[in-house]
Amino acid sequence: KSFKMKKSLALIFLFSSFSYSQIINSRIITVDRGMNEKFESGVEKKTKLYNSKEGQLRFYTFRISSGPNMGKYFRVRYEDEMKGFDRKPPKEAMKLWDDQVADHMVNSNGRWLWLNKNASNVTVSPFSKPLRRVMEYNFKSHKSGDFWRFRNNVAKAIKESNADIFMEVWNCGSGCDGNLAMVVFGHANYEEFGNDNGAEWQKVYKKYNELFGDNSYETDIESFSESLEMYGRRVFNMEFVPNLSSPEKMSNLNKLYND
């Protein structure tokens, strides 16, 4: 009984600590075979008319380039606050989508996620990092402390070391199996991808041990790995598709950057 009560209190604290700021509603889109050109043409037209001007809803599209969903699209609606989702798309936009897009595709894997700024490092525009490497983690409830200790400490080490690492961490609040966090690394190109995983991450490793003690990186990443569910790690790449996305001028990027 005591264990259950502590677990319940921990979960209540976890969810009450979220600020519901910088929220995305994401989905994976599967396009019918041979219909990609028509699909993209319809999405581009709808985006230009109804998602490209100040005050309109913001949508961003990525093309998945590895993993079991390779070739599919990852599409996101973005809001700065939860109440933003009270706004609905105009009827004309919905009609255009139904007439020119919907017949060529199927939605799946719908999720609601919000940005965990403490575990993230965003110092440049996300639009400058079109290549994304996504790591999805399912972690055990009773090991959440180990999971988040490493994620928060890594973010601190990145900031303190001034490593050129773009990293967003998103908590999943709905549409996920179990406890899920999505860690997204952004890169300008594949050359930068290689550097970020080499020389830049060495800076993070060194600073982590300076901040938290000798061998703390190895100790914490081992505890992090043990906090994951069996098969609780998935990795895939995706690439930003600007013509199917709202323009950068519509984003208040200051709300994304480190405090």
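What you see below is based on every heavy atom in this structure, not just the backbone, and it leaves out hydrogens, waters and symmetry mates. Keep in mind the model is a prediction, meaning the values are calculated, not measured.
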Trainee: Please evaluate residues Lys207 and Glu210 with respect to the criterion salt bridge (charged side-chain N to carboxylate O under 4.0 Å, His left out), reporting the C-alpha separation (whole Å), side-chain torsions for both, the decisive distance (0.1 Å), and the verdict.
Mentor: CA-CA 5 Å; Lys207 181 59 67 172; Glu210 287 179 8; 3.1 Å; yes

Trainee: Salt-bridge test for Glu200 and Lys203: reply yes if a basic N is under 4.0 Å from a carboxylate O, no otherwise.
Mentor: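 Here Glu200 pairs with Lys203 in a salt bridge, since their nearest N and O are under 4.0 Å apart.
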
Trainee: For the residue pair Tyr73 and Asn36, confirm or rule out a side-chain donor-acceptor distance under 3.5 Å.
Mentor: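 Indeed, the side chains of Tyr73 and Asn36 share at least one donor-acceptor pair under 3.5 Å.
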
Trainee: Hey, is Asp220 close enough to Arg151 for a salt bridge, meaning N to O under 4.0 Å?
Mentor: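 A salt bridge is absent here (no side-chain N lies under 4.0 Å from a carboxylate O).
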
Trainee: With a 4.0 Å cut-off, would you call Lys249 and Glu54 a salt bridge?
Mentor: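 Salt bridge between Lys249 and Glu54, a charged N being under 4.0 Å from a carboxylate O: no.
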
Trainee: Does Ser52 offer a backbone N or O that forms a donor-acceptor pair with the side chain of Gln56 under 3.5 Å?
Mentor: yes

Trainee: Indicate the atoms forming the closest heavy-atom contact of Lys129 with Val124, along with that distance.
Mentor: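 For Lys129 and Val124, the tightest heavy-atom pair comes out as CE-CG2, 3.7 Å.
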
Trainee: Let me see the working for Trp148 and Val169 under side-chain contact (heavy atoms from CB on, under 4.5 Å), right down to the final yes or no.
Mentor: CA-CA 11 Å; Trp148 287 113; Val169 177; 3.9 Å; yes

Trainee: Within this structure, what is the NE2-CZ distance for the pair His142 and Phe147, rounded to the nearest 0.5 Å?
Mentor: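 Atom-to-atom, His142:NE2 and Phe147:CZ are 14.0 Å apart.
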
Trainee: Could you tell me whether the side chain of Ser223 and the main chain of Thr219 form a donor-acceptor pair under 3.5 Å?
Mentor: yes

Trainee: Around atom NZ of Lys53, are there more than 12 heavy atoms from other residues, nucleotides or ligands closer than 6.0 Å?
Mentor: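 Count over threshold, so yes.
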
Trainee: Test side-chain contact (heavy atoms from CB on, under 4.5 Å) on Asn189 and Leu131 and set out the steps.
Mentor: CA-CA 6 Å; Asn189 47 48; Leu131 175 62; 5.9 Å; no

Trainee: If two hydrophobic side chains count as joined below 4.5 Å and joins carry through other members, does Leu228 share a cluster with Val154?
Mentor: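 Leu228 clusters together with Val154.
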
Trainee: Given the side-chain rings of Phe224 and Phe139, with only the six-membered ring counted for Trp, is the space between their centroids under 6.0 Å?
Mentor: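 For Phe224 and Phe139, the ring centres are not under 6.0 Å apart.
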
Trainee: Give a yes or no on whether the backbone of Trp201 and the side-chain of Asp196 come within a donor-acceptor separation of less than 3.5 Å.
Mentor: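 Looks like no, no N/O pair under 3.5 Å.
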
Trainee: Can you spot which of Pro68, Ser66, Ser65 makes a side chain to side chain contact (heavy atoms under 4.5 Å, CB included) with Phe236?
Mentor: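 Between Phe236 and the candidates, side chain to side chain contact (heavy atoms under 4.5 Å, CB included) is satisfied uniquely by Ser66.
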
Trainee: Of all the heavy-atom pairs spanning Phe85 and Ile23, show the shortest one and how long it is.
Mentor: CE1-CG2, 3.7 Å

Trainee: Check whether any side-chain heavy atom of Phe62 lies under 4.5 Å from a side-chain heavy atom of Arg132, and answer yes or no.
Mentor: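 Result yes, sub-4.5 Å side-chain heavy-atom pair found.
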
Trainee: Using distance alone, with no hydrogens and no angle criterion, decide if Glu160 and Tyr208 have a side-chain donor and acceptor under 3.5 Å apart.
Mentor: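 No, because no side-chain N or O of Glu160 sits under 3.5 Å from a partner of the opposite role on Tyr208.
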
Trainee: Run the ring-centre check on Trp97 versus Tyr50 and record whether the distance is less than 6.0 Å.
Mentor: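 Trp97 vs Tyr50: aromatic centres not under 6.0 Å.
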
Trainee: Please walk me through it: do Glu226 and Lys140 pass salt bridge (charged side-chain N to carboxylate O under 4.0 Å, His left out)?
Mentor: CA-CA 9 Å; Glu226 291 173 353; Lys140 304 167 186 173; over 6 Å; no

Trainee: Can a salt bridge be assigned to the pair Asp146 and Arg149 using a cut-off of 4.0 Å between side-chain N and carboxylate O?
Mentor: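 Between Arg149 and Asp146 there is a salt bridge, with a charged N closer than 4.0 Å to a carboxylate O.
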
Trainee: Could you walk me through whether Arg111 and Glu136 pass the salt bridge (charged side-chain N to carboxylate O under 4.0 Å, His left out) test, one step at a time?
Mentor: CA-CA 13 Å; Arg111 292 174 174 170; Glu136 292 184 345; 2.7 Å; yes

Trainee: Indicate yes or no for a side-chain donor-acceptor contact from Ser246 to the backbone of Phe59 under 3.5 Å, with no hydrogens or angles considered.
Mentor: yes

Trainee: Return the OG to CG distance between Ser245 and Asn243, rounded to the nearest 0.5 Å.
Mentor: 7.5 Å

Trainee: Test side-chain hydrogen bond (donor to acceptor under 3.5 Å, both in side chains) on Ser141 and Asn179; report intermediate values, then the result.
Mentor: CA-CA 7 Å; Ser141 294; Asn179 305 306; 2.9 Å; yes

Trainee: Under a 4.5 Å cut-off applied to non-hydrogen side-chain atoms, are Met238 and Arg63 in contact?
Mentor: no

Trainee: For Lys159, does the NZ atom have more than 12 heavy-atom neighbours from other residues, nucleotides or ligands under 6.0 Å away?
Mentor: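 Yes, enclosed.
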
Trainee: First locate atom CG of Asn69, then atom CD1 of Ile64, and finally report the distance between them rounded to the nearest 0.5 Å.
Mentor: 5.0 Å

Trainee: Under 3.5 Å, side chain of Gln202 to main-chain N/O of Asn197, donor-acceptor pair present?
Mentor: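 Absent.
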
Trainee: Asp32 side chain to Met35 main-chain N or O, any donor-acceptor pair under 3.5 Å?
Mentor: no

Trainee: I want to check something: taking the side chain as every heavy atom from C-beta on, are Ile165 and Phe185 in contact at a cut-off of under 4.5 Å?
Mentor: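 Yes - at least one pair of side-chain heavy atoms lies under 4.5 Å apart.
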
Trainee: I'd like to know if the side chain of Asn209 pairs up with that of Ser216 as donor and acceptor (distance under 3.5 Å, no hydrogens or angles considered).
Mentor: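 Looking only at side-chain atoms, Ser216 and Asn209 do form a donor-acceptor pair, the distance falling under 3.5 Å.
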
Trainee: Which heavy atom of Ser225 sits nearest a heavy atom of Arg233, and at what distance?
Mentor: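 Scanning both residues completely, I find the closest heavy atoms to be OG-NH2, 3.6 Å.
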
Trainee: Can you name the nearest heavy-atom pair linking Ser125 to Glu248, along with the distance?
Mentor: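 So the two residues come closest at OG-OE2, 2.7 Å.
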
Trainee: Assert yes or no for the condition that the ring centre distance of Tyr217 to Phe150 is strictly below 6.0 Å.
Mentor: yes

Trainee: Run Lys45 and Leu96 through side-chain contact (heavy atoms from CB on, under 4.5 Å) and show every step you take.
Mentor: CA-CA 9 Å; Lys45 182 176 180 180; Leu96 191 157; 4.2 Å; yes

Trainee: Looking only at heavy atoms, what is the nearest atom pair of Leu244 and Thr61, with distance?
Mentor: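 Result for this residue pair: O-OG1, 2.8 Å.
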
Trainee: Determine yes or no for a side-chain-to-main-chain donor-acceptor pair under 3.5 angstrom, with Ser120 supplying the side chain and Val122 the backbone.
Mentor: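 No: the side chain of Ser120 does not pair with the backbone of Val122.
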
Trainee: Is there a side-chain contact between Met167 and Val183, using heavy atoms and a 4.5 Å cut-off?
Mentor: yes

Trainee: Do you see a donor-acceptor pair shorter than 3.5 Å between the side chains of Gln100 and Ser41?
Mentor: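 Not at all, the side chains of Gln100 and Ser41 share no donor-acceptor pair under 3.5 Å.
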
Trainee: Quick one: closest heavy-atom pair of Asn138 and Asp177, and the distance?
Mentor: ND2-O, 2.6 Å

Trainee: Among Asp99, Asn51, Val101, which residue satisfies the side chain to side chain contact (heavy atoms under 4.5 Å, CB included) criterion with Lys46?
Mentor: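 That would be Asn51; it is the only one of Asp99, Asn51, Val101 passing the side chain to side chain contact (heavy atoms under 4.5 Å, CB included) with Lys46.
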
Trainee: Please assess Glu44 against Lys48 for the test salt bridge (charged side-chain N to carboxylate O under 4.0 Å, His left out), listing each intermediate value before the final yes or no.
Mentor: CA-CA 6 Å; Glu44 182 173 7; Lys48 283 183 178 179; 3.4 Å; yes

Trainee: Could you tell me whether a side-chain N or O of Asn215 sits under 3.5 Å from a main-chain N or O of Glu218, the two making a donor and an acceptor?
Mentor: no

Trainee: Once rounded to the nearest 0.5 Å, what's the spacing between atom CH2 of Trp112 and atom OG of Ser174?
Mentor: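 One gets 8.0 Å once the value is rounded to the nearest 0.5 Å.
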
Trainee: How many angstroms lie between NE2 in His187 and CG in Asp164, if you round to the nearest 0.5 Å?
Mentor: 10.5 Å

Trainee: Is there a donor-acceptor contact under 3.5 Å linking the side chains of Asn107 and Arg27?
Mentor: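 Indeed, the side chains of Asn107 and Arg27 share at least one donor-acceptor pair under 3.5 Å.
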
Trainee: As a quick check of understanding, evaluate ring-ring contact (aromatic ring centres under 6.0 Å, His included) for Tyr60 and Phe74, giving each step before the final call.
Mentor: CA-CA 8 Å; Tyr60 304 99; Phe74 185 85; over 10 Å; no

Trainee: Can you confirm whether Val241 sits close enough to Glu239 that some side-chain heavy atom of one is under 4.5 Å from a side-chain heavy atom of the other?
Mentor: no

Trainee: Answer yes or no: is there a side-chain heavy-atom contact under 4.5 Å between Leu115 and Glu168?
Mentor: yes

Trainee: Hey, is Arg87 close enough to Glu79 for a salt bridge, meaning N to O under 4.0 Å?
Mentor: yes

Trainee: If you measure from CG on Asn25 to CZ on Arg77, what distance do you get to the nearest 0.5 Å?
Mentor: 7.5 Å

